[in-house]
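Counting convention: from 1, in listed order, for ligands and their atoms alike. Values reported hereafter were calculated over all heavy atoms of this structure, with side chains retained and with hydrogens, waters and symmetry mates removed. Model, not experiment: these values are computed from the prediction.
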Amino acid sequence: MTNEYDVIVIGAGTGGYVAAIRAAQLGLKTAVVEKQKALGGTCLLWGCIPTKALLEHAHALKIIRNAKEWGVTLGPDARVGIDMAQVHSRKDRIVGGLTKGVEFLFKKNKIDWIKGTARLTGGGTVEVFEGERQTLKARREIIVATGSQPRSVPGIVVDHQRIITSDEAIHLKDVPKSLAIMGSGAVGVEFASIFNRFGSQVTILELLPRLVPVEDEAVSAELAKSFRKQGITAHTGARVTAARAAADHVAIDAVLADGSTLSLTTDYLLVATGRGPVTAGLNAEQVGLQMEKGYIRVDTLYRTSVPGISAIGDVITMGTPHPQLAHVSSAEGILVAERIAGHAVTPINYDHVPGCTYCDPEIGSVGLTEHEARARGFDVVIGTFPFGVLGRAKMAGETEGFVKIVADRRYDELLGVHMIGPRSTELVAEATLALRTETTVEELIRTIHAHPTMAEAVGEAAHATHGAAIHS
Ligand code: FAD
């Protein structure tokens, strides 16, 4: 028997499950095929949620280590350590609660979760060939949201024991004495912050000339300064040439920026060099989907080359680099569901996608970097304000970093906001709304920022853009 639905979603990550909920809200009979035992995909199971839970533990440890500064007394045995069993148990409770929450939302919205692995079989059909085997028919649309998985680089073989990816790093039972991290994108620097705080000796090996290479150059420089202070070793312009795993260590060879060689032995090598699409076994090419390097090619409304099949999230490409972020996949999922339901939709402006990196200090950014703005020919003006002079930052004991505004002098147009420092991953929300609503710098200046807050740094950076910061 073929079960018919209006919409069939393959994959229940933040793209797929959000698309399904929105489709169901709009009256479309919806099923989701998901092969994992829990809903939520990378973000909930191996990504955003478990890593940020670990970071909160690292933050708690930092505060307790500084107990004296805070006037907190610890009793006779003042030794402070980390109990990884408790860390994992709390993290797993959080993950479990959230995945169950998605299950509840599926029930509430009458979405069928078909447990199994799906492949496309053409003519609007999907075959579930592992798990609850059956054939499903989509009356309106199939949405492919199969996501991504860790990817290594040629010559470096992940053995999942000593040469690991983020999937294993979130489960490490003990704190490694030493950890090398290949790649300093969001995943790399977040794990560097976690394990440095837990007590590991962390070495970052980044091929490009600076840390967090997609961020504004000033942000990269500030992070490098902070990591140095915290005792994290970071080699930029460093190419890992070999990694050999043994039973209890990894031997790593690298060529550094100055041409010298580095040989390093660490407990683990975490390969954080990016993620590739999950399309193996999906039958994508066979049903006629246009592919690019394994990614599914879509247009600006997420239509593939085959009518009746859309794709969203980490698995897609539009021909230019596509941000692999949970909130991007969700926004795409909502847009696709609304399009299928017949709503008028407009393409997402990817210049307005906020990026958050939860290293210590945190990074939040949206819009054009200074370099990008100059390259696009804007008459660039910059305003920067340091967190260090803010009362709220002093109270929190987190005085590193700044807010940097990139604007166009001609029309006072806000082009980008880049911040590194306390609560930056929250503060970026204001900047995102400002960009979305095409706010000028003047309007940001006239927006009253409450005192004492970290958000004052955003207002002050706007003042600084007009050469009139009050407190610096
Ligand atoms: P996924 O979440 O990968 O979901 C795809 C789902 O499809 C999976 O559940 C998979 O099991 C299922 N699937 C695949 N093939 C099939 C099939 N054939 N049949 C049935 N089911 C199938 N993003 C942020 O925005 N903020 C963060 O802080 C953040 N932190 C991260 C930290 C780490 C360590 C990692 C790895 C990623 C992080 N991300 C973060 C990225 C974010 O997790 C992804 O961008 C997001 O999960 C992509 O969602 P998706 O729905 O496209 O795919």
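- Counting only N and O atoms by type, the side chains of Ser184 and Glu206 include a donor and acceptor under 3.5 Å apart.
- Formation of a donor-acceptor pair under 3.5 Å by the His88 side chain with backbone atoms of Leu172 is found in this model.
- Using a 4.0 angstrom heavy-atom cutoff, Pro150 does not count as in contact with ligand 1.
- Side-chain contact of Glu362 with Thr425: a donor-acceptor pair under 3.5 Å is present, judged by distance alone.
- When only modelled atom types and interatomic distance are considered, Ser148 and Asp314 share a side-chain donor-acceptor pair under 3.5 Å.
- Between Asp360 and Lys62 a salt bridge is recorded (basic side-chain N to carboxylate O distance below 4.0 Å).
- Proximity of a side-chain donor or acceptor of Arg90 to a complementary backbone N or O of Ala53 within less than 3.5 Å is not detected.
- Side-chain contact check for Asn109 and Gln25: no donor-acceptor pair (N or O, by modelled atom type) lies under 3.5 Å.
- Close contacts between ligand 1 and Gly313 involve ligand atoms 52 (O) [criterion: under 4.0 Å to a heavy atom].
- At a heavy-atom cutoff of 4.0 Å, ligand 1 is contacted by the side chain of Ile10 but not by its backbone.
- Side chains of Ser178 and Gln201: a donor-acceptor N/O pair is absent below 3.5 angstrom, by distance only.
- The nearest heavy-atom contact from the protein to atom 50 (P) of ligand 1 is Gly15 N, 4.0 Å.
- A salt bridge links Lys52 and Glu190; the closest N-O separation between the charged side-chain nitrogens and carboxylate oxygens is under 4.0 Å.
- The protein heavy atom nearest to atom 12 (C) of ligand 1 is Glu34 OE1, 3.2 Å.
- Using a 4.0 Å cut-off between heavy atoms, Ser166 contacts ligand 1 through its side chain alone, with no backbone atom that close.
- Comparing heavy-atom distances from atom 37 (C) of ligand 1 across Gly47, Ala118, Gly274 singles out Gly47 as nearest.
- The protein heavy-atom contact nearest to atom 41 (C) of ligand 1 is Gln324 O, 3.7 Å.
- The main-chain N or O of Val157 is never found under 3.5 Å from a side-chain atom of Ser152 such that the two would form a donor-acceptor pair.
- Considering backbone and side-chain N/O of Thr42, one or more are found under 3.5 Å from N/O of ligand 1.
- Protein heavy atom closest to atom 7 (O) of ligand 1, with residue, atom name and distance, is Gly11 CA, 3.2 Å.
- Between Ile312 and ligand 1, no pair of N/O atoms sits closer than 3.5 Å.
- When each atom of ligand 1 is checked for a heavy atom of His327 under 4.0 Å away, the hits are 25 (O).
- Ligand 1 is approached by Arg275 to a heavy-atom distance shorter than 4.0 Å.
- By the criterion of a heavy-atom distance under 4.0 Å, the backbone of Ala145, and not its side chain, is placed next to ligand 1.
- Among protein heavy atoms, atom 40 (C) of ligand 1 sits closest to Cys48 SG, 3.3 Å.
- Of the protein's heavy atoms, Thr14 OG1, 3.2 Å lies nearest to atom 49 (O) of ligand 1.
- Between Arg139 and Asp6, at least one side-chain N (NZ, or NE/NH1/NH2) sits under 4.0 Å from a carboxylate O, which counts as a salt bridge.
- Against a heavy-atom cut-off of under 4.0 Å, Gly13 is close to the following atoms of ligand 1: 2 (O), 4 (O), 6 (C), 51 (O).
- Of the candidates Ala186, Cys43, Gly147, it is Cys43 that places a heavy atom closest to atom 43 (O) of ligand 1.
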Task: side chain to side chain contact (heavy atoms under 4.5 Å, CB included) between Thr203 and His235, worked out - done: CA-CA 8 Å; Thr203 305; His235 297 286; 3.9 Å; yes
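- At least one N or O atom of Leu325 sits closer than 3.5 Å to an N or O atom of ligand 1.
- Here atom 14 (C) of ligand 1 lies nearest to Thr146 when heavy atoms of Thr146, Ile316, Val144 are compared.
- Ligand-side atoms of ligand 1 in range of Thr51: 32 (C), 34 (C), range being under 4.0 angstrom from any heavy atom.
- Here is the list of ligand 1 atoms found below 4.0 Å of a heavy atom in Trp46: 34 (C).
- Per-residue contacts place Gln36 under 4.0 angstrom from the following atoms of ligand 1 (heavy atoms of the residue considered): 11 (O).
- In terms of protein heavy atoms, atom 21 (N) of ligand 1 is closest to Lys35 N, 3.4 Å.
- Glu332 and His322 share a side-chain donor-acceptor pair at under 3.5 Å.
- The side chain to side chain donor-acceptor pair (under 3.5 Å) search around Arg133 returns none, not counting sequence neighbours.
- Heavy-atom contacts from other residues, nucleotides or ligands closer than 6.0 Å to CZ of Arg436 number 12 or fewer.
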For residues 339-348, please give each side-chain donor-acceptor pair under 3.5 Å, one per line with the distance, not counting sequence neighbours.
residue: Arg339; atom: NE; partner: Leu301; partner atom: O; Å: 3.0
residue: Arg339; atom: NH2; partner: Leu301; partner atom: O; Å: 3.0
residue: Arg339; atom: NH2; partner: Ser310; partner atom: OG; Å: 2.7

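- Using a 4.0 Å cut-off to heavy atoms of Ser148, the atoms of ligand 1 that qualify are 3 (O).
- The only option from Arg210, Glu215, Lys225 that meets the side-chain hydrogen bond (donor to acceptor under 3.5 Å, both in side chains) definition with Ser220 turns out to be Arg210.
- Heavy atoms of Tyr358 approach ligand 1 to within less than 4.0 angstrom.
- Heavy-atom contacts of Asp314 reach the following atoms of ligand 1: 44 (C), 45 (O), 46 (C), 48 (C), 52 (O) (cutoff under 4.0 Å).
- If you look at Lys52 next to ligand 1, the close heavy atoms, those under 4.0 Å, all belong to the side chain.
- In terms of polar-atom proximity, defined here as any N/O pair under 3.5 Å, Ala326 does make such a contact with ligand 1.
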